Every structure is written in structure tokens, then in C-alpha cells.
Amino acid sequence: LCVGYLQSTSIGSQCPGSPSEVSVAVVGHLELGVSWTAPVNEGSSAVTRYVVVLLDPTDYTFKYFDVGLKFSISFNQYPTVTSATATSGPSVFFGCEQGVTYQFSVLATNNFGDGQYLTPFLGEMAITLPTVPLNPFVCVIPFPREFYNCTPAAGHYALYWDAPSDLGAGDRVSGVTILAYYFQSAPTVDALSGAPIIRIDSSLLSTEPYLNKTSIHEVVSVWAENEAGQGSPVTSMANGSCAGQLDVKTIAFYNSAGVEVKKSGTMQ
């Protein structure tokens, strides 16, 4: 006869081993998903059900979910009544809360009893969608023409923004990252909805603005994405000239004898 659940790790050879490839991940807005595959050793009979064990940090209790022969389950922001098991009656999980880390384990059961649960428990933090990027700013890029005569060029714009005030974890300042930013741009607000959507992976961003002279127009909408999904957009219009360093290219300098002495430089 097998020893069940969390009372012991001394499991009879007739019972199944721990499920394989168990993972816990953010799968949506305040939603965590648990998935697994069948144990390598099913024991002396086929697995008849899987039980997901949740360590709920809001009341420090273990809660057991009988999922039958499914290989995944998700927990979201809404209350869920747990299934009754051999060692526990039904109880209520009140739903995922922002910035809270939940821990999960999984065990398999066959005709001889409950197998060994996975240890240690796997944890993941529930997060919301990111808020809008802050301080979006679209500005005209001045560029050199005929020596240092800097004149704006129509359709040449730079887009600046700051990270959202809430990346998805509420007051938590770590544990969640922005995966990417998206933007659309068009000459007018009315044309924005039909403009192409451009994705910028966060790994490609630096302290410099994102420059794309063929795609950025006067009106720009930008939004952020984290593991839970894409947040809401914020729209900005061209509202000034870009400040900072101007890179001068293909500008020739000559001495009094008419000999070229320099062909590029940098102007602040």
C-alpha cells in the first residue's frame, strides 16, 4: 500500500514515481499555468489521475486539485474550489493576487495509491499586464545638409519613452521584466489604427531612442509586453526637435589651399 501526499517520501515500488517535466509559468493576466508529463515509472499499474498541490501563501495551507488524466491546469484571479481527495476535503483558493508568489507540486496516482510528489515545490509570481509606457515623446531629427545647416526632414522622427510605472508586479520592483515594446506610427491620428505594428525586443533597446526613418511619422502609439501579455497603448504626437548629439556625415572641410583636410565630425 502506497503512502500518500505529503506525509512521507517513502513510496512503495507499486506506486508511480514523480511526474516528469513539471513547469510553472505566467500564462496570462493574473494567471499561472502548471504542466507536466507522465512519470518515467508508473508503478505496477497505469496512472489513474494526477493531483496538483498548491501551497497558498495567503493562508499558508496546502490545497489539492484532482485533475484526472489531464497534463495541465491554470489558476487565475477568480476563486476556485479544490477537489476532495483521500486526505483532504474541498477548500477554496481565492485566486491569484498581483505580486504574490505561489508554489506548486504534482503527484500521480494508480490503483495501488498515491505516488511521490515532486520536490522541491516550483514557484512563480502572479503578475498583471504592464501599464502604459511613460513620457512618450516624438521629435524631429535634425540632420546636416550643406555644411552645418541643420534642417528637419519631413518624416524623419525619433521616438523616446520611459518604462511603465508598473511592470506587472505592483509594488514589487523585481521578478518581472518587459519583454518587448510595440509601436504604430502614421501621419495622422485617423490613420494610426491601420498602420503596421512594429515589435522591438527589449534586448535590442539601449539608452538611445529607437530610430526608424522609414516607419516613424508624426503620430505614434507605443505599448509594452510582459509575460502576461500586452498592455494598453499610449499615443503621442511630434512635439519639438530632438536634443542631444548630432552626428555629422559626408561633410568636407578644406584648408586655404583648397586641400581637403577632414570629411566627418561630431557636433553637439
Side-chain angles (χ1 to χ4, degrees), residues 25-33 76-77 95-102 123-143 150 152-247 266-268:
V26 174
V27 295
H29 174 79
L30 289 180
E31 185 172 7
L32 299 175
N76 54 34
Q77 58 189 308
C96 295
E97 298 180 8
Q98 184 185 27
V100 177
T101 297
Y102 298 89
E124 186 60 75
M125 181 171 58
I127 62 175
T128 66
L129 300 176
T131 55
V132 299
L134 297 177
N135 308 316
F137 182 75
V138 182
C139 56
V140 177
I141 305 170
F143 74 103
C150 299
H156 288 56
Y157 296 92
L159 171 62
Y160 295 80
W161 68 89
D162 293 325
S165 60
D166 183 354
L167 302 186
D171 294 334
R172 295 280 295 271
V173 295
S174 63
V176 60
T177 58
I178 295 299
L179 302 178
Y181 289 94
Y182 295 78
F183 76 86
Q184 292 175 287
S185 68
T188 65
V189 173
D190 291 340
L192 193 61
S193 61
I197 296 175
I198 298 175
R199 183 181 190 274
I200 315 165
D201 191 277
S202 289
S203 64
L204 303 178
L205 292 175
S206 66
T207 56
E208 297 299 318
Y210 181 76
L211 306 181
N212 188 321
K213 295 181 181 181
T214 62
S215 300
I216 294 183
H217 300 279
E218 292 92 330
V219 183
V220 175
S221 181
V222 59
W223 62 98
E225 177 186 36
N226 63 13
E227 292 91 339
Q230 297 178 28
S232 299
V234 60
T235 301
S236 181
M237 301 180 67
N239 46 13
S241 296
C242 302
Q245 187 180 72
L246 175 64
D247 186 21
T266 298
M267 183 180 75
Q268 299 289 339

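Note that the structure is predicted; figures quoted are calculated from it, not measured.
- What you find for Ala180 and Asp201 is that their closest heavy atoms are CB-CA, 4.1 Å.
- For the residue pair Gly231 and Leu129, the shortest heavy atom distance occurs at CA-CB, 4.3 Å.
- Atom CD1 of Ile197 is separated from atom OG of Ser185 by 11.5 Å, given to the nearest 0.5 angstrom.
- The shortest heavy-atom contact between Glu227 and Thr177 is OE1-O, 3.5 Å.
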Side chain to side chain contact (heavy atoms under 4.5 Å, CB included) assessment of Leu192 paired with Thr235:
CA-CA 10 Å; Leu192 193 61; Thr235 301; 4.1 Å; yes
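- More than 12 heavy atoms of other residues, nucleotides or ligands shown are found within 6.0 angstrom of CG on Asn135.
- Paired with Pro130 under the rule side chain to side chain contact (heavy atoms under 4.5 Å, CB included), one option of Ile178, Val176, Leu167 passes, and it is Ile178.
- The heavy-atom pair separating Ala126 from Cys96 by the smallest distance is CB-CB, 3.7 Å.
- No donor-acceptor pair closer than 3.5 Å links the side chain of Glu31 to the backbone N or O of Gln77.
- Aromatic ring centroids of Trp223 and Tyr181 lie 6.0 Å or more apart.
- Without hydrogens or angle criteria, Tyr102 side chain to Glu97 main chain gives a donor-acceptor distance under 3.5 Å.
- A donor-acceptor pair under 3.5 Å is absent between the side-chain atoms of Asn76 and the main chain of His29, judged by distance alone.
- No donor-acceptor distance shorter than 3.5 angstrom exists from the side chain of Asp166 to the backbone of Val132, with no hydrogens or angles considered.
- Judged purely by atom type and a 3.5 angstrom limit, Ser221 has no side-chain atom pairing as donor or acceptor with the backbone of Phe183.
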Under the side chain to side chain contact (heavy atoms under 4.5 Å, CB included) rule, what do Gln230 and Glu225 come out as? Steps first, then yes or no, please.
CA-CA 4 Å; Gln230 297 178 28; Glu225 177 186 36; 3.9 Å; yes
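- With contacts defined as side-chain heavy-atom distances shorter than 4.5 Å, the pair Leu32/Val26 qualifies.
- Contact detail for Ser232 and Pro133: the closest heavy-atom pair is O-CD, 4.3 Å.
- A distance of 9.5 Å separates OG1 in Thr131 from CG in Asn226, rounded to the nearest 0.5 Å.
- The two residues Pro187 and Val219 make their nearest non-hydrogen contact at O-CG2, 4.0 Å.
- Note that the CG atom of Asp162 and the OG atom of Ser165 stand 11.0 Å from one another [nearest 0.5 Å].
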